[in-house]
Number of protein chains: 2
Amino acid sequence: MASTIRDVARSAGVSIATVSRAMREPSIVSVETLRRVRAAADELDYTPSQLGRQLAERRHGANGIVFPDLSGPYYGEVVVGYEDVASELGRAVLILATHGRPAAREMITRLAGRCDGLVVLGHTVSDEALLELAERGVPLVTVARPPVAGVDSVAAENHRTAFALATHLADSGARSVVFLGNPDRSPDVTERRAGLFAGAREVGLEVSELRVETMDEQGGAVAAEHLCQQPALPDAIACANDELALGLMTALRERGVVVPRDVLVTGWDDVMAARYAELTTVRQPLRDLGATAARFLDDLIAGRRAEPRIEVLPTELIVRSSSSPRER
Amino acid sequence: MASTIRDVARSAGVSIATVSRAMREPSIVSVETLRRVRAAADELDYTPSQLGRQLAERRHGANGIVFPDLSGPYYGEVVVGYEDVASELGRAVLILATHGRPAAREMITRLAGRCDGLVVLGHTVSDEALLELAERGVPLVTVARPPVAGVDSVAAENHRTAFALATHLADSGARSVVFLGNPDRSPDVTERRAGLFAGAREVGLEVSELRVETMDEQGGAVAAEHLCQQPALPDAIACANDELALGLMTALRERGVVVPRDVLVTGWDDVMAARYAELTTVRQPLRDLGATAARFLDDLIAGRRAEPRIEVLPTELIVRSSSSPRER
DNA sequence: TTGAAAGCGCTAACAT
DNA sequence: ATGTTAGCGCTTTCAA
């Protein structure tokens with residue numbers, strides 16, 4: 001059994017209040033007392049119980065972060081950026097992966113009971129669930145999902161860069177483009193789609209949409225099959241993420257389609273494989289997303305902020321040969 | 001202010017003990033009382049304080065997982081496998097990334113004070129630090145590091161598959177191979193190196209070693225530069241991980257070296273980019289590693305296990321054209 | 001500078 | 001089936 005504050009107090013011949021003071025504010029205790037307490041603590045191998053502390057202080061000293069999944073390169077980076085800042089600020093980090101489970105709401109509610117505040121990423125729970133938490137007074141920051149009234153939010157720019165992507169495709173000689181993705185899967189996708197459509201209209205690019213069930217390589221392969229059954233391929237295919245684009249390119253090539261000669265393909269995310277596949281894509285400040293959320297949350301918990309904040313971090317179009325006219 | 005068990009008790013006209021019972025074991029309370037308590041709890045929007053519970057039960061209901069980093073595809077998958085099982089078992093998950101920081105030891109000690117047990121991945125802290133925790137009675141499971149006396153351990157097989165890799169290279173026509181990596185970076189690497197060396201000797205393959213500073217694409221590029229300055233390239237280069245191999249291949253090609261005609265290259269991990277680069281590599285059961293660790297830890301915490309366990313999960317050689325003789 | 005004592009919100013004997 | 005009460009290990013007034 002680990003020793004408690006009482007053991008140390010007895011052994012040092014002081015009261016527990018003095019031990020407490022010696023541990024948290026050594027300067028307000030006489031040097032001699034401090035010495036004795038320290039000696040006793042060392043001797044007994046005493047570490048203050050977090051549980052005792054937390055209950056007395058009525059704070060957890062921990063934050064939660066909720067995400068759909070951690071496979072794939074995306075959320076891992078965001079979580080790292082978050083963890084880095086949070087642990088710098090001396091707070092523990094609790095994680096929760098929802099995996100699209102319907103029980104997500106209860107899971108998050110439970111999590112909320114274990115920490116001082118929550119960061120919620122992407123497509124994990126409904127806005128109502130968040131609002132309920134917010135009403136209960138749980139400090140909340142969302143990342144990569146549309147702002148919820150009164151809740152802090154951090155996101156990566158989608159619309160403008162998707163607009164720029166449309167322009168780039170037109171400049172590369174495309175006359176038509178199809179957007180490949182599933183807007184139901186994530187709010188980000190909806191914005192990318194809207195940006196691409198807006199850009200396409202602006203530059204006179206004929207634009208349409210093809211929905212996929214899953215936004216992974218499998219989904220890309222399915223889309224390739226579908227597209228190849230049409231009378232003609234579009235000039236360009238803008239995919240909602242890289243995995244989709246990679247799966248698509250692979251499947252197209254298996255069917256003898258040459259990218260980018262026969263069709264331009266683009267992704268979104270700039271995962272590592274995108275470089276090796278020479279895929280034009282969009283890079284997001286993933287770590288920054290997490291780090292910013294961590295700071296926002298800390299401000300909320302410390303009560304340093306009243307007005308809800310909405311921050312949109314810039315993204316960057318990365319042009320590679322999968323959409324480059326020079327190589328066609 | 002959130003309502004407490006006393007508020008509910010008063011409002012329902014019962015004692016706090018009854019409220020406690022109604023919340024945790026409804027069956028031992030009369031239906032009428034249960035109804036009244038539930039009504040009061042609903043009315044007051046009562047959720048039992050985790051902090052109060054935890055202190056009274058003297059358990060955190062949470063486990064920690066410690067890893068070097070979450071960028072790259074490796075640890076993220078392990079953490080997901082872990083989180084999945086742990087949350088299934090009703091335990092919260094605390095994460096800690098050490099980033100090779102020297103303060104890792106204190107960070108882990110702090111973390112240990114917040115949970116009922118710890119999973120420690122790879123190159124994060126010294127064995128002594130772990131032994132100290134184990135002595136303090138903290139349930140512990142290590143993953144992907146050499147077993148520490150008395151501590152449960154889960155790892156992926158390295159030696160045998162590295163041995164098989166050497167055989168494969170010899171079968172592909174190689175007469176010499178260099179192992180590229182940095183054994184100081186991770187215990188896994190040491191084992192892969194040993195396995196490769198043993199296999200190479202067995203099949204009469206000339207084997208040597210080249211150390212890199214960093215085991216990422218940058219490290220691979222540096223190695224390429226070094227190798228190209230030698231009078232001749234080896235027949236094969238076995239890299240300690242995929243990132244190294246990918247960086248190496250890219251840099252070699254920039255220098256006009258043709259893979260696999262001029263030199264065979266292999267990696268380790270089977271990251272997504274490896275498929276697109278046609279890289280021969282070794283696949284590890286990452287999620288399983290995490291899931292197994294979670295179960296081991298739960299057994300320890302529940303006191304279901306006395307003898308320390310060591311589990312080694314099998315890995316699989318994935319042959320692609322970067323080392324295939326048929327394409328040479 | 002130090003100590004006594006009253007919580008923090010809950011669980012779990014023990015008693016009824 | 002329910003209530004009383006004594007903790008769990010700490011922090012923090014309030015006095016001395």
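Within every chain, numbering begins at 1; the chains are lettered A, B, ... in the order of the sequence lines, protein sequences first and strands thereafter. Please read all numbers here as calculations on a predicted model, not as lab measurements. All values below were derived from every heavy atom in this structure, side-chain atoms included, with hydrogens, water molecules and symmetry-related copies excluded.
Among the protein residues, R6(B) comes within range of the nucleic acid bases, having at least one heavy atom under 4.0 Å from a base atom. Within 4.0 Å of R21(A), counting heavy atoms only, lies at least one base atom of the nucleic acid. Contact annotation for S49(B): backbone-only contact, meaning every heavy-atom pair under 4.0 Å involves sugar-phosphate atoms and none involves a base. Contact annotation for L55(B): base contact, defined as any heavy-atom pair under 4.0 Å involving a base atom.
If you take CD on Q54(A) and NE2 on H60(A), they are separated by 6.5 Å, rounding to the nearest 0.5 Å. Considering CD of E132(A) and OG of S126(A), their distance stands at 9.0 Å, rounded to 0.5 Å.
Nearest-nucleotide positions on DNA chain D place I28(B) closer to the 5' end than the other of I16(B) and I28(B). The residue among V29(B) and Q50(A) whose nearest nucleotide of DNA chain D lies closer to the 5′ end is V29(B).
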Checklist line | Worked check of side-chain contact (heavy atoms from CB on, under 4.5 Å) between E77(A) and D269(A) | finding: CA-CA 11 Å; E77(A) 286 290 320; D269(A) 281 348; over 6 Å; no

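Residues G122(B) and Y75(B) come closest through the heavy atom pair CA-OH, 4.3 Å.
Between V8(B) and S11(B), the closest side-chain pair of non-hydrogen atoms is not below 4.5 Å. In this structure, the side chains of R38(A) and L34(A) come closer than 4.5 Å at one or more pairs of heavy atoms. For the pair M23(A)/R53(A), a side-chain contact is recorded, criterion being any heavy-atom separation below 4.5 Å from C-beta on.
Taking the screw axis at each terminus of the helix from dT1(C)-dA16(D) to dT16(C)-dA1(D) from five consecutive base pairs, the angle between the two is 30° to within rounding of 10 degrees.
Of all nucleotides in DNA chain D having an atom under 4.0 Å from a heavy atom of chain B, the first and last in 5' to 3' order are dA1(D) to dG9(D). Along DNA chain C, read 5' to 3', the first and last nucleotides having any atom under 4.0 Å from a heavy atom of chain A are dT1(C) to dG9(C).
The number of heavy-atom neighbours closer than 6.0 Å to CZ of R287(A), taken from other residues, nucleotides and ligands shown, is above 12.
Side-chain atoms of T190(A) come within 3.5 Å of backbone N or O of P183(A) as a donor-acceptor pair. Side-chain N or O atoms of D69(A) include none that pairs as donor or acceptor with a backbone N or O of H99(A) at under 3.5 Å. Under the 3.5 Å distance criterion, the side-chain polar atoms of T124(A) are left unmatched by any main-chain donor or acceptor of V66(A).
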